[in-house]
Each structure stands twice: as C-alpha cells, then as structure tokens.
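Residue indices begin at 1 and follow the sequence shown. In what follows, every heavy atom counts, from backbone to side chain, and hydrogens, waters and symmetry copies are set aside. Keep in mind the model is a prediction, meaning the values are calculated, not measured. All ligand and atom numbering here is 1-based and tracks the order in the structure.
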Amino acid sequence: MSNYFQPEIETMPREQIEADQSAKLVKQVKHVYENVAFYRKKMDEAGVKPEDIKGIEDLSKLPFVTKDDLRDNYPYSALAVPMSDVVRIQSTSGTTGRRVIAYYTQDDIDIWDTCCARAIVAAGGTNEDVVHVCYGYGLFTGGPGLNGGSHMLGSLTLPMSSGNTERQLQFMEDLGSTILCCTPSYAFNLAEAIREAGIKDKLKLKAGIFGAEPWTEEMRKTIEENLGIRAHDIYGLTEISGPGVSFECEYQEGMHIQEDHFIPEIINPVTGEVLPDGEVGELVFTSITKKAYPLLRYRTRDLCKLTHEKCKCGRTHVRMNKIMGRSDDMMVVKGVNVWPSQIEQVLIRNGYEANYLIVVDRENMRDSIEVNVEMTPVMAADASYDVKAAEKKLVKELKDMLGIYAVVKVVEPKTITRSEGKAKRVIDKRDLYAK
Ligand code: ADP
Ligand code: ZN
C-alpha cells in the first residue's frame, strides 16, 4: 500500500527544519536577485544585498511583495527561469481583482503534487482510495493540484471538475468515490443533492478535502453530518503554488504548513511588524524551493494565526488556524468591522444552512446591511415555523454578534443561487472608492 506520509520531513525536529530552511533561503534569495529585475530593484531600494541574508533570522530584512507587484509584472517580468524551463501556467481566480498568473517548472509541479499527496494522506488517503476531484480544472489551481497529488499517491483519480451535479452523484455511486475534493460550498450543495436523491447509504465517501474559500467550524459540522465523512481543510494560493501549502491532519486542529517548501510569517497588516504565535495577522509566505516563480515575503492578505505547539499526529510542521477571512473581505458597515463568517456562525447556530447572501448598500450617506437566508426544507414543511419570529430572532442575535442592526429576510428554499466553485456571499453595492 503506497503512502505519502514523509516522516523524515514531516516530523523533523524544529532545529533541523530551521537549518534546512536557512540553507534553502540563502540560495533562493540569490536566485531571485540574479534573475528577477523587479526584486533586484526592490532589494536595492531597501538596501539589502543577497549576502546580507545568512539564514531565516534575516528574513525580516527583505522587503514585502504584494499582489500589485505581481500585477505590475504581468505577464512575464516576474519569471525567474528561462522560458524553456517553464512547463505550465496557472492563474488566480480573480476573486479580488485582476488575475495573477504563476509559472511552474517540472520540479515546481512535483513540489506542488507532493504537498497535495501529503494532504490526501493526512485525510486518511492511500493508493486504495478513489479520489473524486470536483474542484474546477483549467487555470484554477484546485483541480490540477489535487489531481496531481492523487496521481503521485497512486490513488484512482476521478478528474470530474466542478458542475453537473447529477453526473457527480452518479460517478460517486458507480465508481465508489471515497475521498471528495472541492470547495466547502460545493460539498454542501452536493450533500443537499445527495439527500434529495436519497443515495447517501449507497456511497462510500469517508473523507473530504475542502478549501479555496473560508468556511466555519459550524459549516464543517453540517457537512460532516450530512455526508457522514470527516471534512478536512486545505489551504493554498496560486502565487505560492496552489492547494496544499497547508492542510489538516486527522486531528483537525489547524493546518500544517509545508515548511520544507514555504516559510510562513504573521505580520501586523498596518505596520508590517512580525507577530508572535497566537496573534492574528496577515499571513506572509516565502517560497524556498520553487524556481520559476519564487516569491519572497509575499503578503497573502489572508488573516490567521500560527502555533508551533506539538501536534498529536506527530507532524512538527507549524500549524495555521482556519483562515478568518481576507483582509479585503472585511466590510466596514456603519463604521463597524463585519466579517461574513460572523454572520454565517449565527445562521448555522440557528439551524439554517450556508445558503445566504449578504447585501450591503448605502443611501443618503447611511449604510445598510441585509442578510438573505433560505429556510431549510424542514422549516418550510413545519406548520409551526413562523418566518416573522425567525427573522426577529436572527436580527437580535446578529445585533449581539456585530453590534449593528441588519435587516434579515428568510426566503424560500432554493431561491439563492448555488455555487460550484468559490461561493459569492457578499454583494457590496456601495461605491467606496467614489469619493
Ligand atoms: P484568488 O485570490 O483570486 O481567489 P486563488 O484561486 O489562488 O486566487 O485563491 C487563493 C485564495 O483563496 C487564498 O489567498 C485564500 O484567500 C483563499 N483560500 C484558499 N484556501 C482557503 C481555505 N482553506 N480557507 C480559507 N480561504 C482559503
Ligand atoms: Zn497534526
């Protein structure tokens, strides 16, 4: 039975991890400085020479790189190897603006596949599993990433891509899929379709690997119960490689970051100061092994915290907690910080499912926020369910959670558009940049 748990790497003592990272970092900085003009300029402006970086203790001397830097260098100026060494490009989803593209050499792809193979293993996968990949394929990294990992592990890989839910269910049943890989919002929709088709007992699903968008613990519980599986979080971003930068082990207590390839830091997003374990801030990555598109101190805009505490699984790689949102997901409504995940928590706590849409607007200089949520089929069939009373209860609980008044509309089942990839849960109609 093949197994891609790599204990010699994944359970390495901390001193060794750091010594390995230091050696790789020194080489990587040199590679980048010599081959990428915009880095050379950035480092020169910051007064840092490659020889100033002697190990990870010098990491904070390097300037940050932002998504705008990458957009400015679209399409080819951030490439660090000759074009003849590049075998693939992928692109971000463009969730928050213009797409960014990333390049890979064959070694870069192998690194990425290895990380995804480790993620599948951490979710209990072996070469005896049937891995059902319904992340989108194409430029998006979700499909190709898990596909590559599953191949590397030697599992039977079903390259389903997203959409066509009926066919997903049929293949799941006919081919005995055991591990489901997709966005949590699509997993949720599949669970709904499986319930309606009444085929849950005919399926062999045992685990899910869900990522590419934020999801709450409440959502995890719902998916696990509805599908009868263990749902594992997986994180990644195109700029750093794709899914598999970090993933959850069987204990589901944070995602192990693949420190033999990526060095994480948490910074204060305003001052850039590096924060200690346990403090929430913006996640920053330095990729120390990739060659075509190696990013040094890349600001992800994702918010989370780190812990170096020993994990029960034996892996020594640092863990990040669930992404609490993107710094650009946070909305300021009526002067108060509002996260979609806070709203999701209140809804699920009250028995609703993650079918909701938040609409923010501004009229006469006053912000308004409206939360539309579907009643569940059970609520809809329950004669004693009172929509007005339900809305009133949600308004009160949202007020307690957010500190502001939100209009709540409980709508009929199936009236909010379902997503097949990353869910769009917020429509902000305010033109905040119009001033
Ligand atoms: P885009 O930034 O355009 O969505 P990507 O498709 O590369 O581009 O997606 C990467 C982003 O997706 C991450 O920066 C993060 O915001 C989000 N993401 C990926 N995995 C997770 C996860 N497990 N939990 C929360 N957010 C995630
Ligand atoms: Zn662990």
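Between R301 and ligand 1 there is no heavy-atom distance shorter than 4.0 Å. Taking 4.0 Å as the cut-off, K322 does not count as a neighbour of ligand 1 on heavy-atom distance. Not a single heavy atom of T141 sits less than 4.0 Å from an atom of ligand 1.
Remark: R297 is not positioned above the aromatic ring of F285, lacking an NZ or CZ atom under 6.0 angstrom from the ring centre and at most 45 degrees off the axis.
Atoms of ligand 1 lying under 4.0 Å from any heavy atom of L237, numbered from 1 in the order shown and given with element: 7 (O), 10 (C), 14 (O). Near D233, meaning under 4.0 Å from any of its heavy atoms, are these atoms of ligand 1: 22 (C), 23 (N). Atoms of ligand 1 lying under 4.0 Å from any heavy atom of T238, numbered from 1 in the order shown and given with element: 5 (P), 6 (O), 7 (O).
For F210, no nitrogen or oxygen atom sits less than 3.5 Å from a nitrogen or oxygen atom of ligand 1, counting backbone and side chain alike. In terms of N/O distances under 3.5 Å, ligand 1 is approached by R326. Checked against a 3.5 angstrom limit, the closest N/O atoms of K422 and ligand 1 fall inside it.
With respect to E374 and K414, no salt bridge is recorded, no charged nitrogen being found less than 4.0 Å from a carboxylate O.
By the 6.0 Å contact criterion, CZ on F171 is open, its count of non-hydrogen atoms from other residues, nucleotides or ligands being 12 or less.
Considering G325, G244, A212 only, the shortest heavy-atom separation from atom 18 (N) of ligand 1 involves A212. Considering G211, G142, G236 only, the shortest heavy-atom separation from atom 10 (C) of ligand 1 involves G236. Of the listed options P214, G136, S341, S93, S93 places a heavy atom closest to atom 8 (O) of ligand 1.
For the Zn ion (ligand 2), protein N, O or S atoms closer than 2.8 Å were enumerated as C249 SG, H256 NE2, C311 SG, C313 SG, with waters left out.
Only side-chain heavy atoms of K67 come within less than 4.0 Å of ligand 1; its backbone N, CA, C and O stay farther off. Of the heavy atoms in D302, only side-chain atoms (C-beta onward) come closer than 4.0 Å to ligand 1.
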Identify every side-chain donor-acceptor pair in residues 151-160 under 3.5 Å, counting partners at least two apart or on other chains, and give the distances.
{"unit_1": "S155", "atom_1": "OG", "unit_2": "T126", "atom_2": "O", "d": "3.0"}
{"unit_1": "T157", "atom_1": "OG1", "unit_2": "S150", "atom_2": "OG", "d": "2.8"}
{"unit_1": "T157", "atom_1": "OG1", "unit_2": "S155", "atom_2": "O", "d": "3.3"}

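Judged purely by atom type and a 3.5 angstrom limit, R430 has no side-chain atom pairing as donor or acceptor with the backbone of D367.
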Could you go through the salt bridge (charged side-chain N to carboxylate O under 4.0 Å, His left out) check for K312 and E253 one step at a time?
CA-CA 9 Å; K312 294 185 210 101; E253 286 173 358; 2.9 Å; yes
